[in-house]
2 protein chains.
Amino acid sequence: MRFSRYFVHTLFEVPKEAETPSHILLLRGSYIYPAAAGIYSLLPLGHRVAEKVKQIIREEMDGIDGLEVTMPVLNPAELWKATKRYYDIGPELFRIRDRRNREFVLAMTHEEIITDIAKKFLRSYRDLPVMLYQIQTKIRDEARPRAGLLRVREFQMKDAYSFHPDFEDLDRYYPRIYNAYLRVFARCGLQAVPIEADTGIMGGTGSHEFMLESPHGEDQFVVCTQCDYRANTEKAVGVKPALNDLPADPPPMERVTTPGVKTIAQLMDFFQTSEDHFLKTVAYEADGELVLAVVRGDFNVSSTKLANHLKAVHLDMASEEALEKEGLHGGFLSPVGLDGKKIRVVVDTSVNENTLYVAGGNDVDLHLKNVLAGRNFHISDPADIAEVRHGDGCAQCGSGTLEIRRGIELGHTFKLGTKYTAPDTMDVTFLDAEGQNRRLVMGCYGIGVERLMASVVESWHDEAGIVWPVTIAPFQVVITTLGKKAEVDATAEELYRELGERWDVLYDDRDESPGVKLKDADLLGIPVRVVVSQRGLKQGTFEVKVRQTGEVHFFRRQELCGAVERILGDLAPVLEGLPWMDENV
Amino acid sequence: MRFSRYFVHTLFEVPKEAETPSHILLLRGSYIYPAAAGIYSLLPLGHRVAEKVKQIIREEMDGIDGLEVTMPVLNPAELWKATKRYYDIGPELFRIRDRRNREFVLAMTHEEIITDIAKKFLRSYRDLPVMLYQIQTKIRDEARPRAGLLRVREFQMKDAYSFHPDFEDLDRYYPRIYNAYLRVFARCGLQAVPIEADTGIMGGTGSHEFMLESPHGEDQFVVCTQCDYRANTEKAVGVKPALNDLPADPPPMERVTTPGVKTIAQLMDFFQTSEDHFLKTVAYEADGELVLAVVRGDFNVSSTKLANHLKAVHLDMASEEALEKEGLHGGFLSPVGLDGKKIRVVVDTSVNENTLYVAGGNDVDLHLKNVLAGRNFHISDPADIAEVRHGDGCAQCGSGTLEIRRGIELGHTFKLGTKYTAPDTMDVTFLDAEGQNRRLVMGCYGIGVERLMASVVESWHDEAGIVWPVTIAPFQVVITTLGKKAEVDATAEELYRELGERWDVLYDDRDESPGVKLKDADLLGIPVRVVVSQRGLKQGTFEVKVRQTGEVHFFRRQELCGAVERILGDLAPVLEGLPWMDENV
């Protein structure tokens, strides 16, 4: 591609709205252009990268027997009502009516449509297993689109769905998609960490998130310093250091008025005790019902763990009204003295019967001292509902420490099981070899194309610009002419033809200064730059710069093609011995 | 691809909802599956065909210097308000609000977004010309989705936009896209007829529709039997046979009461004269203003021609109320006696001053006889506003006859000019070589992918099923085993490997009866079928059937690969000497 005929309009200023490296560099390189908040056009350069990413995804999906389809953005609302997601998902699901007032949604995922297809076509065990996937436009009204392509409202997603005769078959298939995901990310130059994840609104029986560690990620995940334990913070389980300092003859509970004592620091000072000797009680409304969650003062409630424990679809902080109705007071909640009320109280496993706690008094400016679980209140509903903390012990190996890391979610895999095929959703069965009706078992698996592109830039950039991995670079080679001599142009044309036969070559034929041309090549992030200059021609050598390492080599004409091949080969991601691969394939 | 692992679920019954061949066969072949009226999923077979069609389009667009991009479905309403299309387009444009109540539309075309991109990036004459295109999801709330993929509400469209420094440059580029379109259709096995078209809501200075003649088309177009004149019926101009039978001393106009005389047949009988001696007056509201359109009785008003003449955005039949307000009566409209009223009257060029007409009397049960234009009313606003008729003379060559044909619109090209870059729309200028601000000149060009697929099936099918052109067939070769002998399977496997290296091969390895397997192969429409049977193996030959011609050949093992290559080569569309190509490239 000749630069002069291509669509490149680099910016040297950092766009005001951009903060993360990928956002800044993709805008500066004219890879993308915003149409609205969280909505982007992919310009020719961005489109080229996206196509290469999609091709890698396609090859890996085809490699695990995936069959590509295309499903629509406009989905009839009836299907989403059948699975109840029409009601369960909030404003991120766009709802719309057509000219005849029929309800539709703009699909953010395609379980409903694909399950409808499965119900129509997958009638016999002979049709199974099958994996269908698409790479298609998704629309999702994110509350806070941010960081360029990292969190957007419209994007291309590879979503895949597998159908199985039973859970065992799903379990056999799952490691194949898991490994294919690791390969996709590795081929794009990223090392993703698969972590145990919460299944959230997708439901199901097991799930992994594939996280890229990154300072600009908005997700957190937990890893053990010793063993291979790694999990979403919402799902992670740590060892909660137990307190067992109950005196032999525990003093009775006392009511203490605490006017003006508000913050936890003030309370610690007032009661002369540490944070872990408090009970922290938080009120929620779970599908409309008031629920109190109690954790030890040095922990925080994980709303995801709580929602999972309660099997709640909607979990919100309780409103003032809901508390008032039960005669409760926001700042002074307590599990003690609720006997007359029918309020569900979930107590975290950090709270035990061997410690005296300070708790709220369920009245304004009142606290309770020497609260003893088992004596002053009953732990009827114990559960792990606390967020894991940086430094907690690892529950898996027992010796390591858990670290909390920041990351970008690159992909997500779910064992859905029968969530969408059960009788109360879309009710899908098939005839097994014995002629019996059995329920279809599903998995679903997603990768966001634009987020993956942006994540690569987050990992692969420097001061001067992007440093694309060769596998997804818009062009692998840029030929840059310096000076305006006919001899330079003629040689560059010849090289462009020769290298262009084997690689995607951008030929910078512009009549611009060397500074502008070299800066543009760095900003765009083309892996290999070949300079054709008059000085070089005189010396009979060509300067070849490797964008990633900054190394500069000089080659003679006849060595050039072989040298470029060798350099590109050395830059290719290594796929042997990838970490985290599941051996059970 | 092994049939047993692929997603094929053919139906032998004709689906109730389907009427046209493409709808029936694409459903029966499990190429597509409906999600709602006019909304389809492309199943693996359909997806394969769509990808091949898209690849052909891509190659032709790249061949005329097109650069591929991806633009979003969600478009901010502001841009559509700037071009006024937010107001001008009816309910086919989906309008939606996000969670912050900001307005968006679901794009059915992308002039707004691309012009916004042009405004940002195409600042200098050095950036021009440039052609950007995408193949992307379009959403349009069609009033009457029909005929499977022929008229849908969501589809993939290749939409291309070219930007030029002036009209001359656009005129130079236009034949390249025009020819590329003819090549796209020819490569898909179709001969499209380019016709002059109305620019409609797209606006602009020139336009072609590429029509496929088809009994199931919902568009009509006009062709001359003698010359190369061909046009959209809404745009076509024919010779209107003139009447010149005015008596030397024309009698005065008479008022005739006509109670109970209603239909045109009754009127002809009553007045003892022919249809062409009547004036037909039709009332419209053009952007809210009452307009009367007058044509000779043997013509009909073309609302498109009328709207274009009036430069009206909204043209509707006049309401009873609007007529009553002016004291007019629906069944008795007339251009005569309107002097006191300020009503615009457009008179078609079929009406002349050399004929005595019968006209309405602008009162109930009243007609006027011996109406003479120029004497009884003045033709102040003459225009061609009549629909052309089958059999009218050709205005271009003067000797041919116009025929009206039914067709499917495969593509549409527009010289938009400055419609979207003008000051009252998006106001886009660039700096020319002299440093002067000049207005960007545009063209836009669209092809619907799914409609093209369906049109191919409309043209290429028989009683037994689809007959795909080799270029877009999901598989070029199907290997069908008959009988269950190990020897048959082993040979088929070997052939599958060998042929599969060169072509897309479907290997029907199912344990089904020969009848089912052969019928499926025909229904799916795979161009070449190779049968592996025990009898064939004994005789040392393989039966090869050509789907399109029905020819059956027998080849020996060592001849087979070469024979398949020859057959596929013979089936390939011929691109030399395509009709209608523009030589000015």
Side-chain angles (χ1 to χ4, degrees), chain A residues 1 4-7 9 30 33 35-37 39-44 46-48 50-51 65 67-76 78-79 90-92 94-96 98-99 102 104 106 110 113-114 116-117 120-123 126-127 130 132 134 136-137 139 141-143 153-154 156 510, chain B residues 1 4-7 9 30 33 35-37 39-44 46-48 50-51 65 67-76 78-79 90-92 94-96 98-99 102 104 106 110 113-114 116-117 120-123 126-127 130 132 134 136-137 139 141-143 153-154 156 510:
Chain A
M1 185 63 69
S4 60
R5 291 205 194 157
Y6 200 56
F7 189 99
H9 299 276
S30 65
Y33 184 65
I39 302 175
Y40 287 86
S41 292
L42 301 179
L43 300 177
H47 179 83
R48 278 185 89 95
E51 286 303 306
D65 301 325
L67 302 176
E68 195 170 353
V69 298
T70 307
M71 292 180 276
V73 173
L74 273 179
N75 283 200
E78 299 94 78
L79 292 178
E92 62 269 34
F94 272 110
R95 292 153 174 93
I96 194 169
D98 74 2
R99 62 202 293 156
R102 280 175 299 221
F104 287 84
L106 305 184
H110 275 85
I113 295 285
I114 201 81
D116 190 45
I117 290 171
K120 168 76 180 176
F121 294 106
L122 306 180
R123 312 289 280 271
R126 280 176 300 196
D127 303 327
V130 65
L132 300 168
Q134 65 174 348
Q136 178 259 16
T137 302
I139 294 178
D141 199 1
E142 287 288 349
R153 299 201 284 175
E154 177 173 339
Q156 299 174 74
R510 289 177 301 166
Chain B
M1 185 63 69
S4 61
R5 291 205 195 159
Y6 200 56
F7 190 98
H9 299 276
S30 63
Y33 185 65
I39 302 175
Y40 287 86
S41 293
L42 300 179
L43 301 176
H47 179 83
R48 278 184 90 95
E51 286 303 306
D65 301 326
L67 303 175
E68 195 170 354
V69 298
T70 307
M71 292 181 275
V73 173
L74 273 179
N75 283 201
E78 300 95 78
L79 293 178
E92 61 269 34
F94 273 110
R95 292 154 174 93
I96 193 169
D98 74 1
R99 63 201 295 156
R102 279 175 300 219
F104 287 84
L106 305 185
H110 275 85
I113 295 286
I114 201 81
D116 189 45
I117 290 171
K120 168 76 179 176
F121 294 106
L122 305 179
R123 312 289 279 271
R126 280 177 301 198
D127 303 328
V130 65
L132 300 169
Q134 65 174 348
Q136 178 258 15
T137 302
I139 294 178
D141 199 0
E142 287 288 349
R153 299 201 283 175
E154 177 173 338
Q156 299 174 75
R510 289 176 300 165

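The sequence lines fix the lettering, A, B, ..., with proteins before strands; numbering per chain opens at 1. For the numbers below, each heavy atom of this structure counts, side chains included, while hydrogens, waters and symmetry mates do not. Nothing here was measured: the structure is a model prediction, and the numbers come from that model.
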Part of [X] within contact of chain A (heavy atom distance under 4.5 Å):
X	result
B:Gln134	neither
B:Ala50	neither
B:Ile114	neither
B:Glu68	both
B:Phe7	both
B:Leu74	both

Ignoring hydrogens and geometry, is there a side-chain-to-backbone donor-acceptor pair from B:Arg99 to A:Asp141 under 3.5 Å?
-> yes

Just by modelled atom types, is the B:Pro72 backbone N or O under 3.5 Å from a matching donor or acceptor in the A:Glu154 side chain?
-> no

A:His9 and B:Leu122: side chain to side chain contact (heavy atoms under 4.5 Å, CB included), yes or no, with the steps?
-> CA-CA 9 Å; A:His9 299 276; B:Leu122 305 179; 4.2 Å; yes

Heavy-atom distance under 4.5 Å between the side chains of B:Phe104 and A:Ile139, does that happen here?
-> no

Mind checking whether B:Ile96 and A:Leu106 have side chains closer than 4.5 Å, heavy atoms only?
-> yes

Between A:Tyr6 and B:Val130, does a side chain to side chain contact (heavy atoms under 4.5 Å, CB included) hold up when you go through it step by step?
-> CA-CA 8 Å; A:Tyr6 200 56; B:Val130 65; over 6 Å; no

For the candidates A:Leu132, A:Thr137, A:Val73, which exhibits the highest count of non-hydrogen atom pairs separated by less than 4.5 Å from chain B?
-> A:Val73

